[in-house]
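Just so we're on the same page: letters track the sequence lines, and every chain starts at 1.
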4 protein chains.
Amino acid sequence: MPISNFDPGDTPGYIYERMADHIATRINAGELAPHKPLPAERRLAEEYGVSLGTARRATELLRERGLVVTLRSKGTFVADVRGEKKCYPPTGESTGQPESDPWGGEPPLIA
Amino acid sequence: MPISNFDPGDTPGYIYERMADHIATRINAGELAPHKPLPAERRLAEEYGVSLGTARRATELLRERGLVVTLRSKGTFVADVRGEKKCYPPTGESTGQPESDPWGGEPPLIA
Amino acid sequence: MPISNFDPGDTPGYIYERMADHIATRINAGELAPHKPLPAERRLAEEYGVSLGTARRATELLRERGLVVTLRSKGTFVADVRGEKKCYPPTGESTGQPESDPWGGEPPLIA
Amino acid sequence: MPISNFDPGDTPGYIYERMADHIATRINAGELAPHKPLPAERRLAEEYGVSLGTARRATELLRERGLVVTLRSKGTFVADVRGEKKCYPPTGESTGQPESDPWGGEPPLIA
DNA sequence: GTGGTCTAGACCACC
DNA sequence: GTGGTCTAGACCACC
């Protein structure tokens with residue numbers, strides 16, 4: 001099912017920019033919570049009805065804005081922007097659990 | 001190989017208009033069939049020995065005449081003008097996914 | 001729709017080996033003709049109900065057997081094994097441009 | 001004619017990186033002199049036997065390295081790196097000549 | 001099974 | 001006639 005409230009063909013601005021804004025809104029609304037993975041780029045492309053390259057530019061923009069963090073071969077995750085007190089572990093060794101969360105050492109907010 | 005029967009330098013009127021007329025004739029003759037793509041802008045420009053801008057104005061003219069339909073990044077396609085009774089639904093509900101064929105609901109002419 | 005006549009869970013040997021054998025049979029039966037592309041990796045994985053990695057090992061095996069040729073970003077194509085007398089020149093001078101058809105110099109079988 | 005001494009298929013590293021390095025060498029060798037335009041991206045893609053996207057990533061890399069300057073709709077030009085004393089005109093108005101050189105106010109080095 | 005690189009093109013904005 | 005955006009895919013590296 002495609003995303004509602006998103007019609008890239010009828011509005012000004014670049015499609016990838018509008019798509020990034022739309023995802024940013026979903027993040028800010030809490031639909032996509034911190035530490036949770038975004039849908040995969042292929043899935044995002046399907047949902048938004050755009051090509052893979054356009055979906056990738058959208059996530060690239062979100063990355064530049066600091067809203068998401070991408071881990072190669074793992075996925076793209078919503079950043080934790082609570083009060084800017086975030087501190088990445090300096091030499092974080094795996095805790096042994098399946099590495100699907102780049103902030104593995106923290107208590108989750110929702111799940 | 002440039003298009004034969006087309007010498008823009010020797011006749012009155014805008015070149016792009018004569019070029020559009022020439023393509024329209026090819027469409028009406030069936031050389032360019034409904035739903036088939038026109039040559040790309042650059043290729044049209046080469047074939048007719050004109051600049052890109054001129055080729056674009058020619059296809060723009062064909063678009064205004066309803067002879068072709070352009071889909072961004074896909075191409076420009078010969079319109080289906082059988083009987084002129086084609087009527088797009090005024091508030092047509094989208095099927096959700098971008099149509100790769102602007103005449104998707106019709107029985108195919110060729111395939 | 002998954003491939004019929006293929007139930008990897010019920011037979012001995014590696015799944016990717018059985019999958020490669022199955023595709024090899026389709027090639028030998030002419031269902032997948034020389035110079036024609038195999039389904040893409042993801043599609044093969046879906047059709048056979050296996051993971052991407054398994055599908056890749058299967059095509060890798062076919063590649064080692066000389067049954068297919070892979071061109072990056074282009075696809076994997078059924079090799080032409082007529083008479084086995086095909087012999088690539090050992091220090092073949094490149095024509096300078098990347099071949100879009102690895103059998104470019106031969107008379108086409110289909111087109 | 002494709003560029004000699006460039007075989008992207010047989011060496012490590014990304015194609016666009018190797019392509020950028022190759023162009024950088026041509027710049028440093030003086031073959032592509034300061035203020036002169038690079039071949040257009042389409043032409044570069046043909047010369048190097050790569051796709052347009054790859055050629056664009058190569059010029060993007062050269063831009064990041066400060067070796068070239070790109071002007072939209074004008075072209076990509078070899079930067080002038082003589083002694084770092086380069087100073088862009090603050091409110092440069094056109095001098096009236098065809099704007100094919102982003103450093104129009106300077107005496108040319110070669111041409 | 002993800003993100004990454006790459007192909008081979010298209011039309012678009014701007015000059 | 002350039003660079004820019006975009007399509008619709010492919011295989012690759014890595015996990």
Asks: Is any side-chain nitrogen or oxygen of S73(D) closer than 4.0 Å to OP1 or OP2 of dC14(E)?
Replies: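 The answer is no; no side-chain N or O of S73(D) sits under 4.0 Å from OP1 or OP2.
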Asks: Who are the salt bridge (charged side-chain N to carboxylate O under 4.0 Å, His left out) partners of R26(A), not counting sequence neighbours?
Replies: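 Applying salt bridge (charged side-chain N to carboxylate O under 4.0 Å, His left out) to R26(A) gives E31(A).
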Asks: So, using side-chain hydrogen bond (donor to acceptor under 3.5 Å, both in side chains) as the criterion, who are the partners of E17(C) when residues are at least two apart?
Replies: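 side-chain hydrogen bond (donor to acceptor under 3.5 Å, both in side chains) list for E17(C), sorted by chain: empty.
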Asks: The side chain of R56(C) is closest to which nucleotide in this list: dG1(E), dT7(F), dC12(E)?
Replies: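 Nearest to the side-chain atoms of R56(C), counting from C-beta on, is dG1(E).
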Asks: For dG9(E), does the base pair up with any side-chain atom of R43(B) as donor and acceptor (N or O, under 3.5 Å, distance only)?
Replies: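 Per atom types, no contact qualifies.
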Asks: Represent DNA chain F in dot-bracket notation, 5' to 3'. Only Watson-Crick or G-U wobble pairs with both distances under 3.5 Å count; pseudoknot-style crossings use [ ] and interstrand partners use |.
Replies: ||||||||||||||.
Asks: How close or far is atom P of dC6(E) from atom CE of M19(D), stated in whole angstroms?
Replies: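 Whole-Å distance recorded here is 11 Å.
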Asks: Return yes if the base of dT5(E) and the side-chain atoms of R72(C) contain a donor-acceptor N/O pair under 3.5 Å, otherwise no.
Replies: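 Flag set: donor-acceptor pair detected.
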Asks: Can you check the E41(D) CD to dC12(E) P distance for me, whole Å?
Replies: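 Rounding to the nearest Å, CD of E41(D) and P of dC12(E) are 19 Å apart.
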Asks: Mind checking if T70(C) touches a base, just sugar-phosphate, or nothing, with heavy atoms under 4.0 Å?
Replies: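 The answer is sugar-phosphate, as T70(C) gets under 4.0 Å only of primed atoms, P, OP1 or OP2.
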Asks: So, OP1 or OP2 of dG9(F): does either fall under 4.0 Å of a side-chain N or O from S51(A)?
Replies: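 No.
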Asks: Could one point to a donor on the side chain of R42(A) or the base of dG3(E) with an acceptor on the other under 3.5 Å away?
Replies: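 Per atom types, the contact qualifies.
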Asks: Toward the 5' end of DNA chain E, which comes first, T54(D) or G75(B), by nearest nucleotide?
Replies: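 Whichever sits nearer the 5' end wins; that is T54(D).
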Asks: Under 4.0 Å: is that the gap between some side-chain N or O of Y14(D) and OP1 or OP2 of dC6(E)?
Replies: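 No, no such contact exists.
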Asks: Just jot down the side-chain hydrogen bond (donor to acceptor under 3.5 Å, both in side chains) partners of S51(A), sequence neighbours excluded, or say none.
Replies: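 With sequence neighbours excluded, S51(A) shows a side-chain hydrogen bond (donor to acceptor under 3.5 Å, both in side chains) to T54(A), given in chain and number order.
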Asks: As a test of reading the structure: which of dC15(E), dG9(E), dT7(F) is closest to the side chain of K74(D), going by heavy atoms?
Replies: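 Nearest to the side-chain atoms of K74(D), counting from C-beta on, is dC15(E).
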Asks: Any base atoms under 4.0 Å from T59(A), or only sugar-phosphate, or nothing? Heavy atoms, all strands.
Replies: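 No contact at all - T59(A) keeps every heavy atom at 4.0 Å or more from the nucleic acid.
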Asks: Whole angstrom is fine here: how far is it from CD in E60(A) over to P in dT2(E)?
Replies: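 Spelled out: CD on E60(A) to P on dT2(E) is 19 Å.
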Asks: Quick one: on DNA chain F, does P39(C) or A40(D) contact a more 5' nucleotide (nearest heavy atom)?
Replies: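 Its nucleotide being nearer the 5' end, the pick is A40(D).
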Asks: Hey, could you give me each pair passing salt bridge (Lys or Arg N to Asp or Glu O under 4.0 Å) that has a residue in residues 55-65 of chain A? Not counting sequence neighbours.
Replies: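 Sorted pair list: D21(A)-R65(A), E41(A)-R56(A).
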Asks: Specify the residue among E17(D) and L52(B) whose closest nucleotide of DNA chain E lies further upstream toward the 5′ end.
Replies: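 On the 5' side of the pair lies E17(D).
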Asks: For R42(A), check side chain to side chain contact (heavy atoms under 4.5 Å, CB included) against everything at least two apart and list the hits.
Replies: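 Counting only residues at least two positions away or on another chain, R42(A) forms a side chain to side chain contact (heavy atoms under 4.5 Å, CB included) with L52(A), R42(C).
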